[in-house]
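To find a chain, count down the sequence lines: A is the first, B the second, and so on, and within it residues start at 1. Because the structure is predicted, anything quoted here is derived from the model rather than measured.
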Number of protein chains: 2
Amino acid sequence: MALWIQITPGSDEPIYLQIVEQVGEAIAKGQLAVGDKLPAVRKLASELVINPNTVARAYTILEQSGLVTTKTGSGTFIADPALRGKDAADINMLADRMDGIISRGLNLGLESQDIIAMFKDRLEKFIKTRQGGRQKK
Amino acid sequence: MALWIQITPGSDEPIYLQIVEQVGEAIAKGQLAVGDKLPAVRKLASELVINPNTVARAYTILEQSGLVTTKTGSGTFIADPALRGKDAADINMLADRMDGIISRGLNLGLESQDIIAMFKDRLEKFIKTRQGGRQKK
DNA sequence: CATAATGTACTAATGATAATAATACACTAT
DNA sequence: ATAGTGTATTATTATCATTAGTACATTATG
């Protein structure tokens, strides 16, 4: 896998958040395992043709959320999931985001079972990717 | 019900989006029924101590998403749900938002069944509010 | 018809933030 | 030592949220 991060410059969401989310999803899907090394700040910035500061910003957020650990001089690595703590604030934020989705789904005319089915379907895709084993780098 | 819209000025999300989401959730929960009138642009702006333009912006978005219909000179009213169309783009956006939540939940260390249970729980709250009948204005 | 209330449109100014740019520092591997 | 790493700092530009003020068109009400 050469470089799986793909940014959309003209998107409504900032580039640094796109990086954060894509790395987060890759971890959730098991495509990135504990100890795996993220591309160097300058290298990723070069390949994405963006500023190194933008990548550094994304890595800082990933580090603060506990998904990666950074060792200056060495690199940025996927952290141990066992050490990722979930507090009340995290759960509340998750609940709020769920409410937003549910509200949107209902107002689109979707039935409850449709929304749940859709949600289960999306989640299963994550689990399947996990069980399918890691992709080779 | 005097005024159920509550904004948080210092929030990371824009005021006009807060209004959009809160009106959307109220509709999804059945607290706003078809034909109900939203507060006038200037009136709501006055009560929230924000600029009328900000409220107008929120109403414009709600109108574009099909949740309300506006009649200049008369007011802004909750639209007929039967007329709200859902296209592929809407569904895709919903799926993307679901992926974001699932990713976040998994990376917090939550199990699949926990995430699904939490999601069902949130959705049931919407349905219950609906079945509980409309609140009186 | 007159008046008030409604949503809408427009321009301008301000503040916050995303992103770039350039540089420098501290730590680690070789 | 040298190169590669993350981090920090300052400055600049562009975009956007928000406010401000004004004006217009339509509708309800008397």
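Comparing dG7(C), dT19(D), dT28(C) by their nearest atom to the side chain of V41(B) picks out dG7(C). For A56(B), counting side-chain heavy atoms from C-beta on, the closest listed nucleotide (dT8(C), dG7(C), dA20(D)) is dT8(C). Closest to the side chain of N53(B), out of dA19(C), dA20(D), dA25(D), is dA20(D). For P14(A), the listed nucleotide lying nearest its side chain is dA19(C); candidates were dT27(D), dT18(D), dA19(C). Closest to the side chain of T70(B), from the set dG7(C), dA20(D), dG6(D), is dG7(C). Among the nucleotides dT18(D), dA28(D), dA25(D), the one closest to the side chain of T72(B) is dA25(D).
A distance of 10.5 Å separates CZ of R122(A) from CD1 of I101(A), quoted to the nearest 0.5 Å. Taking CG of L108(B) as the start and CD of E111(B) as the end, the distance is 12.0 Å to the nearest 0.5 Å.
OP1 and OP2 of dA19(C) both lie 4.0 Å or more from every side-chain N or O belonging to Y16(A). Contact check, T60(B) against dG7(C): no side-chain N or O comes under 4.0 Å of OP1 or OP2. Proximity of Y59(A) to the phosphate of dG6(D): no side-chain N or O atom is located under 4.0 Å from OP1 or OP2. Residue T54(B) has a polar side-chain atom (N or O) positioned under 4.0 Å from OP1 or OP2 of dT19(D). The phosphate of dG7(C) has OP1 or OP2 within less than 4.0 Å of a side-chain N or O from T76(B).
Between the CD1 atom of I15(B) and the C1' atom of dT19(D) there is a distance of 10 Å, given to the nearest Å. Summarising the geometry, the separation between CD1 on I50(B) and P on dA20(D) is reported as 11 Å, rounded to the nearest angstrom. As a whole-Å value, the separation of N51(A) CG from dA8(D) P is 16 Å. Atom CD1 of I19(B) is separated from atom P of dA17(D) by 13 Å (rounded to the nearest Å). The separation between K43(B) atom NZ and dA5(C) atom P is 12 Å, rounded to whole Å. Between the CG atom of L44(B) and the C1' atom of dA5(C) there is a distance of 15 Å, given to the nearest Å. Between L17(B) atom CG and dT18(D) atom C1' there is a gap of 13 Å when expressed in whole angstrom units. In this entry the distance linking NZ of K37(B) with P of dA5(C) reads 12 Å, nearest Å.
Under 4.0 Å is where a charged nitrogen must lie from a carboxylate oxygen, and between K125(B) and D99(A) no such pair does. Using a 4.0 Å cut-off between charged side-chain N and carboxylate O, K43(B) and E47(B) make a salt bridge.
In this model, no side-chain donor or acceptor of R42(A) finds a partner on the base of dG4(D) within 3.5 Å.
Closest non-hydrogen pair, S74(B) versus K37(B), comes out as O-CE, 3.4 Å.
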